[in-house]
Amino acid sequence: MAKKKTKDQDYLFLSSYIHARETHLLSKSDLERMISAPSKIEVGRVLEEAGYEGVVGAGIRTLEQKLAENRLAFYQELQTFAPDPEVLDIFRAKYDYHNAKAIIKSIAQGKAHTGSLTELGRIPSKELVEAIVRDEISHLPDELARAIADARERLAQTQNPQTTDLILDRAYFREILSLAEASGCSYAIGYVKLLADVTNLRTTVRIRRQRKPDHLLETVFIPGGEVKAETAVKGVIAGLPMEEIFTAPRLREAAEAGTEALKGGRITEFERRLDNVMNVFCKEAGRDSFGPGVLVGYLHYLENEAAAVRIVVTSRKAGLRGDSIRERLRDL
């Protein structure tokens, strides 16, 4: 019982710390100011007000770097005092897998493997490069190490980079589900399971829109969600609408939008509703002041904020009108 009380107090401190940081997060009105700003300079000023230094007049590459630096600084702070480091690792792990994909493909092509790497993962990019190049991966997390070995072997056999992505994506979801279960946090476990279902719903709609073979779903379906591959395949073969395959209440609106997209509706609306499934869940998690849910909610928000900034800046650069940009944005 004393241990539980200590953990509650730890999370109460973490909750207070996160709520203090939330005052610097971008709001819907901030994004609207960025969309309607008369110049790139004014866009940068909105971001500087939110704590992103050195972005006034910056190009997209510099902005990407600043967004990453902001998150990395927060990750490093959390690493020192977060009661459940597994929750933080759930969000950092995907960058290790991203880096591994880039490194493996670059080695296969005989190219340099530093341009697209990020430091947001658990493993410094230089260390990961060295481990893969030298084939000394035993010190890496077990799931990642196995996936790297398997992906390199399969890529050599097939010369198909998509096999690398598939192997590492499936391993990534297995690892973050294991991390969530190790944390014992219902919000962390719920986050991973819902993310798997959202990913699989997106994949199912894409495969059907592209008229690819139905059995391909069994190969690309991500483990960990509530809907299993065999259920989805049977539903697709039977011609069921998406909402009759992905039946969870949280997924209903997104699944219905997926059905509409398959009938010729807007794919952007489907994608927006999919992302909003995660946003709604994480807002609920963020109200968990005495547990890891507050961390799940905030870490997701940081990812969402970075994505929103990227959408606004790249859309403006492409010359898109304000309404088109707003269509692409997810709810904050």
Side-chain angles (χ1 to χ4, degrees), residues 47 52-55 58-80 85-156 158-176 178-179 192 195 199 222 299-300 302-311 313-314 317:
L47 291 173
Y52 294 101
E53 298 180 359
V55 296
I60 185 63
R61 291 187 65 181
T62 300
L63 183 58
E64 289 275 7
Q65 182 180 350
K66 294 295 182 182
L67 290 170
E69 287 175 358
N70 179 277
R71 277 179 289 163
L72 181 58
F74 180 58
Y75 291 165
Q76 290 171 339
E77 282 184 70
L78 281 179
Q79 205 71 52
T80 63
E86 299 93 349
V87 177
L88 177 58
D89 285 347
I90 289 170
F91 288 84
R92 299 195 71 176
K94 74 175 181 179
Y95 298 105
D96 294 324
Y97 284 86
H98 162 84
N99 285 347
K101 290 179 188 178
I103 296 165
I104 291 169
K105 292 175 186 177
S106 296
I107 291 173
Q109 296 168 358
K111 297 179 180 179
H113 31 258
T114 55
S116 61
L117 303 187
T118 174
E119 298 305 325
L120 290 173
R122 300 161 296 176
I123 306 159
S125 63
K126 288 184 179 179
E127 181 182 325
L128 189 57
V129 168
E130 187 173 332
I132 296 176
V133 168
R134 295 186 178 185
D135 198 18
E136 297 175 354
I137 58 176
S138 60
H139 65 288
L140 301 178
D142 291 344
E143 195 70 62
L144 177 60
R146 285 193 296 268
I148 288 170
D150 190 14
R152 295 192 72 177
E153 181 179 350
R154 291 287 298 279
L155 182 58
T158 65
Q159 302 299 309
N160 182 0
Q162 288 185 339
T163 62
T164 299
D165 292 340
L166 179 58
I167 289 168
L168 286 161
D169 285 344
R170 291 173 68 84
Y172 160 66
F173 272 90
R174 284 193 297 268
E175 181 172 358
I176 62 172
S178 177
L179 288 167
V192 174
L195 181 60
T199 301
I222 292 297
L299 289 170
H300 176 80
L302 285 183
E303 298 280 335
N304 202 35
E305 180 180 87
V309 170
R310 194 178 302 112
I311 288 170
V313 173
T314 56
K317 186 176 180 180

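Quick caveat, the model's predicted, so the values are computed rather than measured.
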With distance as the sole test, does [X] use its side chain to make a donor-acceptor pair with the main-chain N or O of [Y] at under 3.5 Å?
X      : Y      : answer
Asn99  : Thr118 : yes
Thr314 : Arg310 : yes
Glu175 : Ala93  : no
Arg92  : Leu120 : yes

Under the rule for ring-ring contact (aromatic ring centres under 6.0 Å, His included), what residues qualify as partners of Tyr172, not counting sequence neighbours? Tyr97

Note, [X] side chain near [Y] side chain (heavy atom, < 4.5 Å):
X      : Y      : answer
Thr62  : Val55  : no
Leu117 : Val129 : yes
Leu155 : Ile167 : no
Arg71  : Tyr95  : yes
Thr163 : Asn160 : yes
Leu144 : Ile123 : yes
Phe91  : Leu302 : no
Leu128 : Leu140 : yes

Could you state the interatomic distance from [atom1] ([X]) to [atom2] ([Y]), rounded to the nearest 0.5 Å?
X      : Y      : atom1 : atom2 : answer
Lys105 : Ile103 : NZ    : CD1   : 12.0 Å
His139 : Glu136 : NE2   : CD    : 8.0 Å
Glu143 : Leu179 : CD    : CG    : 10.0 Å
Arg170 : Leu168 : CZ    : CG    : 12.0 Å
Ser106 : Lys101 : OG    : NZ    : 13.5 Å
Arg152 : Ile137 : CZ    : CD1   : 8.0 Å

When you look at CZ of Arg154, are more than 12 heavy atoms from neighbouring residues, nucleotides or ligands closer to it than 6.0 Å? no

Enclosure of Glu53 CD (heavy-atom neighbours >12, cutoff 6.0 Å): no

Scanning both residues in full, the closest heavy-atom pair of Glu119 with Pro124 reads OE1-CA, 3.7 Å

Nearest heavy-atom contact between Ile176 and Ile90 is CG2-O, 3.7 Å

Report the residues that fulfil side chain to side chain donor-acceptor pair (under 3.5 Å) with Asp96, sequence neighbours left out, ordered by chain and then residue number. Arg122

